[in-house]
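Working notes for the structure below.
Chain A is the first sequence line, chain B the second, and so forth, proteins listed ahead of strands; every chain is numbered from 1.
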There are 2 protein chains.
Amino acid sequence: MKRKITLKQIAQELDVSISTVSKALRNSAEISDDTKQKVQAFAKLYNYRPNNIALSLKNRRTNTIGIIIPEIVHHFFSNVISGVEHVANKRGYNVIIGLSNESFSKEVINMEMLANGSIDGFILSIAKETQKLQDYHHFNETMSQGMPIVMFDRVVAEINCDKVIVDDFNGAKKAVEKLIKNNCKSIALITTNDYVSVGKLRTQGYLEAFEENGITAEPKLILKIDDTLDNETQLDVLENEIEQLFKSNKSIDGVFAVNELYALLAMKVATKLGLEVPEDVQVIGFTDGVLSKHSTPRLTTVRQHAHRMGEMAAQLLIDKLESEYDTIDEEFQTVVIPTELIERESTK
Amino acid sequence: MKRKITLKQIAQELDVSISTVSKALRNSAEISDDTKQKVQAFAKLYNYRPNNIALSLKNRRTNTIGIIIPEIVHHFFSNVISGVEHVANKRGYNVIIGLSNESFSKEVINMEMLANGSIDGFILSIAKETQKLQDYHHFNETMSQGMPIVMFDRVVAEINCDKVIVDDFNGAKKAVEKLIKNNCKSIALITTNDYVSVGKLRTQGYLEAFEENGITAEPKLILKIDDTLDNETQLDVLENEIEQLFKSNKSIDGVFAVNELYALLAMKVATKLGLEVPEDVQVIGFTDGVLSKHSTPRLTTVRQHAHRMGEMAAQLLIDKLESEYDTIDEEFQTVVIPTELIERESTK
DNA sequence: TTGTATGCGTTATCAA
DNA sequence: TTGATAACGCATACAA
């Protein structure tokens, strides 16, 4: 077991000083060609690579991005990470992940853990609990220490930082308009509680589409699901709620769901109740997920472009990190990623 | 913008030496209660936290685990990461990810990037291209530098390190036995090319189940798919191949697929050809994925326990990292995670 | 009880 | 052309 070789060791072997070795390896003009050759050959032989940690300490930058997300076992978030990683790697950065698990305290702890020198900046999406508690002190604290943050998807107006969001409002609106144009007369909405920012925006898009088309929204057609409990055991509960929605509103001929699972369950329930999709009920979901691609019938969805969001977030962050004049550049931008309606088989 | 405070700054403010501050903060008995109080109060006020990078350099350990996987947008891998993260965090480690994208060179580059001091050890699953090329020098090199590696799922016998694998062979065997017991007479196999280690093992399990039951395997019932091309555009090609399989073997009444997608497509094709699942054809897949949970009918699968694999890999790695006598402990183990047959609606 | 010196691996400044 | 020294932030052996 041979430890990685250091400048010091090379210097000793070659009987020169450490700084000479350092300069030789960086091809400094100060060093004679002779020594350079000698040093470089030796370094190559022993596969010398500068130690990242030492560099980080010296340069006060780690070339590492921290990403904090609520969960990773989720198509949307893993896609975002993939986008972040793509840009980060291309620009010479590593990515370190922290999972909040939708918990406020884990989010805080994770951020503190990483903020102590491990990373140069954060990309994050806020945990549900944090959104609920509306306690954002940890974001402000890290930023006041000069560590930039880019928020994506689940953002919050109170924090002044770069943001990347999906056009939830218009995405939802366009989806509902599509249903209206397709002649749906009774369009249900399956959404989450309002404290989830994206759920709220998508709900507003639904309402706006109604308004612009002179339709009055009926509260009984709106099902708000408490998604603090959306794990496996709750699947039946969920399905049941949706079934009740259908049963007490036989008129329903269109459904807009704010995520993939709700949309799929809506299709399932509809089929179970003897309705055909899309003949009797048309369904649209809001997602990048895989379920919709492989469901029967395949689900029409509003695409979020998660991968692109990740790329954009990474780009914003790294640009900020590498902007020399960080005093001037203290204006933040919010990039809106347009959605795209992917028409598949669950709509006419 | 106030930079994070350092020992040096505290020392200056309080007019004591750096080492006094350091000791006071670690509650050393050497320091008077008076100074301790003073220092600790000040540190608390300014929210002092030791700089991770400096600690890493000093201690020659980063408390960070590197994880290299072929892709992250995949239920199996994101589940593994989640397991790794769970254990790692609990034991005070961070997780940094690198994606090989199934490419050999990206795998090598990523590992080199992280091996230069950024992490203490690797958890990884080998890229398809690497398996194909059978070039494993980068694994041996990192290990010879004293950096431990734990491989999971896609492992390779040539490399001597800790491994965590699914019991692919027996999982597949049990699945096929289940089909046999359920009275299937003509069981097809949809698998990958042999260089994918897990595909190979699952194929062997299929064959073994046949043999033990005195059934002769028919080559024409085995469909090997070139999964270097399994992106979106190839979906139709894939479906077509499976359709041909069914058409040229009308007798098929059972299918075992080595992954989720193949199983789902088999069900889709069967349905399209007028066959009912599970009445006419029974289908079992090999997966932890979400598709199977929400398909119609819901797919019977061999569960891999990806999350547990991640936990186990992290545990093995951290145990190794923290074992004092690393000379003694130079024996490697291979942990086999048992599979579990989840019976759902695609089998009788 | 406190402080000084050293080292982790690197680079940059300045002196030789 | 080369080398000694300091600094990044921290911990610790040793000296005072």
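- For B:Arg308, the CZ atom sits in a loose shell: 12 or fewer heavy atoms of surrounding residues, nucleotides or ligands are nearer than 6.0 Å.
- For the pair A:Gln12 CD and C:dG7 C1', the interatomic distance rounds to 14 Å; values are reported in whole Å.
- Remark: side-chain polar atoms of B:Thr64 are not paired, donor with acceptor, to backbone N or O of B:Ile119 under 3.5 angstrom.
- A side-chain donor-acceptor contact under 3.5 Å links A:Asn52 and B:Ser118.
- Per the geometry, CG belonging to A:Leu14 stands 12 Å off P belonging to D:dT2, to the nearest Å.
- Minimum atom distance to the side chain of A:Ile31 is reached by D:dT2, of the listed D:dT2, C:dT2, D:dA11.
- If you measure from atom NZ of B:Lys8 to atom C1' of D:dA7, you get 7 Å, rounded to the nearest angstrom.
- Between B:Phe104 and B:His138, the two ring planes are perpendicular [angle over 60°; tilted spans 30° to 60°].
- Ring orientation note: the planes of B:His74 and B:Phe76 are nearly perpendicular, at an angle over 60° on the 30°/60° scale.
- Shown here is A:Tyr46, whose OH atom has no more than 12 heavy atoms of other residues, nucleotides or ligands within 6.0 Å.
- Closest-nucleotide positions on DNA chain C for B:Asp34 and A:Glu30 were compared, and the one nearer the 5' end corresponds to B:Asp34.
- For A:Arg91, the CZ atom counts as densely surrounded, since its 6.0 Å shell holds more than 12 non-hydrogen atoms of other residues, nucleotides or ligands.
- In the region residues 40-60 of chain B, proximity to DNA chain C at under 4.0 angstrom, judged on heavy atoms, holds for B:Leu57, B:Lys58, B:Arg60.
- For the pair B:Asp33 CG and C:dT2 C1', the interatomic distance rounds to 15 Å; values are reported in whole Å.
- Side-chain polar atoms of A:Asn51 and A:Lys4 form no donor-acceptor pair below 3.5 angstrom.
- Look at CZ on B:Arg61: it is 15 Å from P on D:dA11, rounded to the nearest Å.
- For the pair B:Ile18 CD1 and C:dG7 P, the interatomic distance rounds to 17 Å; values are reported in whole Å.
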Check against side-chain contact (heavy atoms from CB on, under 4.5 Å), B:Lys38 and B:Asp34: CA-CA 6 Å; B:Lys38 193 176 57 174; B:Asp34 224 36; over 6 Å; no

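- Inter-axis angle, ends of the helix from C:dT1-D:dA16 to C:dA16-D:dT1, five pairs per end, rounded to 10 degrees: 70°.
- In this model, the phosphate group of D:dC10 is not approached by any side-chain N or O of B:Ser22 to a distance below 4.0 Å at OP1 or OP2.
- Each of A:Lys23 and A:Gln9 was assigned the nucleotide of DNA chain C with the nearest heavy atom; the assignment lying further toward the 5' end belongs to A:Gln9.
- In the interface, the side chain of B:Ser19 is not paired with the base of D:dA11 through any donor and acceptor atom under 3.5 Å apart.
- Atom CD1 of B:Ile10 is separated from atom P of D:dA11 by 11 Å (rounded to the nearest Å).
- More than 12 heavy atoms of other shown residues, nucleotides or ligands fall within 6.0 angstrom of atom CD in B:Glu112.
- For B:Thr20 and C:dT1, the shortest distance from a side-chain N or O to OP1 or OP2 is not below 4.0 Å.
- Residue-level contact check: B:Ser32 touches the backbone only, with heavy atoms under 4.0 Å from sugar-phosphate atoms and none from bases.
- Between B:Ser17 and the phosphate of C:dT2, there is no side-chain N or O to OP1/OP2 separation shorter than 4.0 Å.
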